[in-house]
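The next block holds one structure in the form of structure tokens; read it before the comments.
By convention here, the first residue in the shown sequence is residue 1. Computation of the quantities below employed the complete heavy-atom set of this structure, encompassing side-chain atoms and omitting hydrogens, waters and symmetry-equivalent molecules.
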Amino acid sequence: MHQYPKDKFGPEYVVRVYDPKIGMEGFLVIDSTVLGPGKGGVRMTSAVTEEEVYRLARVMTWKTAIMDIPFGGAKAGIIWDGGSLEKKKEFIQSFARAIASLTPEKYITAPDINTGEIEMQWFVEATGDWRSATGKPSKYCLKFMGIDTKKCGIPHEAGSTGLGVAESARVACDLKGIDIKGARVAIHGFGNVGSFAYKFLQKMGAKVVAVADSSGAIFDEHGLADDELVNISMDPKKHIKDYPNPSAQISAEKFWEVETDILIPASTTDVINESNKDNIKAKIIVEGGNIPMQEEIEKELFQKGILIVPDFVANGGGVVSSYAEYMGYAQEKAFELLEEKVKKTTKIVLERSIKENKNPREVGIEIAKERIGAGRGGDTEIDTKTIEIAVT
């Protein structure tokens, strides 16, 4: 059994789920519900662990608080070695039914690695509650109050998180004295977050010179071909290795050596690590993915003069969009709220960081703690409830 570092913020619940009939094993950590139900996506990877889920749940606690929305922090994970859509649906729905008593009062799920709008539909179909997940398909709607008014899903495939990352990058550039038009950008990870960050930054006039995913990496000092990258982003069967210019291909290691104004790690946990941290030549790092590096490495890079927008600020657009969907807002209104929240939060955190010469993560967490502390009251350590659920 994993032992968690407990404090006055959480975790409140640690849930372990196992379905022996199909071999499904999953975890749910509800870190904090002080400001509202715990919010956080469900990721499906072969390597997901309870500890990883715990770390991500704590990030969500800070993220919802710093974005000033009435949600708490949580995260879920299902061990997934791959398989058919039928098998995936079986795993998702078995997990959803097992934790249904906690949704949506204590936990609301969302897309994450290997989960998207269709998985969110499967989830709510299993729990029987439309509010138990956000990021649902835009055509998946619920009529309410006996009239024609309806609430519809706002899928993450619409690009909310990527838009927030791009807006954070623009604010960071302004504070660093860099014109976003012509700013050189490198993006690691070309899934939902990375590809949409790319599209929005392109519209802002930035020059994306390097992109990488698990299949490979590409670099062009004059800027990568927009039409080719858009084609890759729109075809789930294509990856960065399919970029048609062979001369642009570089090694995974060389990606981290690219001189750039903005580096956006938008892939997996700890992608910046001891093996590549000393090669980074960026002026700004905007953390599109959750926990892209250990905090000690982040501090080290900050001390070298790199301005860092921490994950729970940079990718907070997704959770703002989730709140908008939960409230029944239309997508246009959701994106307006997202831009407002992300710009305001990024500016507050970075300006205070620059003024106090303090790591932006520390500044953001201080602000989040102040908000959560005001909601909780007292300094008593949380009494974590551990729940074991074996599906029968």
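Ion pairing of E25 with R16 is absent here, as no side-chain N (NZ or NE/NH1/NH2) approaches a carboxylate O to less than 4.0 Å. Taking a cutoff of 4.0 Å between a charged side-chain nitrogen and a carboxylate oxygen, K237 and D235 do not qualify as a salt bridge. Under 4.0 Å is where a charged nitrogen must lie from a carboxylate oxygen, and between R184 and D261 no such pair does.
Partners of K277 under the side-chain hydrogen bond (donor to acceptor under 3.5 Å, both in side chains) rule, at least two apart in sequence or in another chain, are E300. Partners of Y107 by side-chain hydrogen bond (donor to acceptor under 3.5 Å, both in side chains), not counting sequence neighbours, listed by chain and number: T109. Shown here are the ring-ring contact (aromatic ring centres under 6.0 Å, His included) partners of F91, two or more places apart in sequence or in another chain: W80. Annotation: disulfide bond (SG atoms under 2.5 Å apart) contacts of C173 (sequence neighbours excluded): none. Under the rule for a side-chain hydrogen bond (donor to acceptor under 3.5 Å, both in side chains), S353 has no partner lying at least two apart in sequence or in another chain.
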Name every donor-acceptor pair, under 3.5 Å, that has one atom in a side chain of residues 214-230 and the other anywhere in the protein, sequence neighbours excluded.
unit_1: S215; atom_1: OG; unit_2: D213; atom_2: OD1; d: 2.6
unit_1: S215; atom_1: OG; unit_2: I240; atom_2: N; d: 3.4
unit_1: S215; atom_1: OG; unit_2: K241; atom_2: N; d: 3.1
unit_1: D220; atom_1: OD1; unit_2: H222; atom_2: N; d: 2.9
unit_1: D226; atom_1: OD1; unit_2: Y198; atom_2: OH; d: 2.8
unit_1: D226; atom_1: OD1; unit_2: Q202; atom_2: NE2; d: 3.3

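Cation-pi check for K199 over F196 is met; the charged atom lies under 6.0 angstrom from the ring centroid and within 45 degrees of its normal.
Aromatic ring centres of F27 and Y54 lie farther apart than the 6.0 Å criterion allows.
A heavy-atom distance below 4.5 Å is not found between the side chains of I284 and I306.
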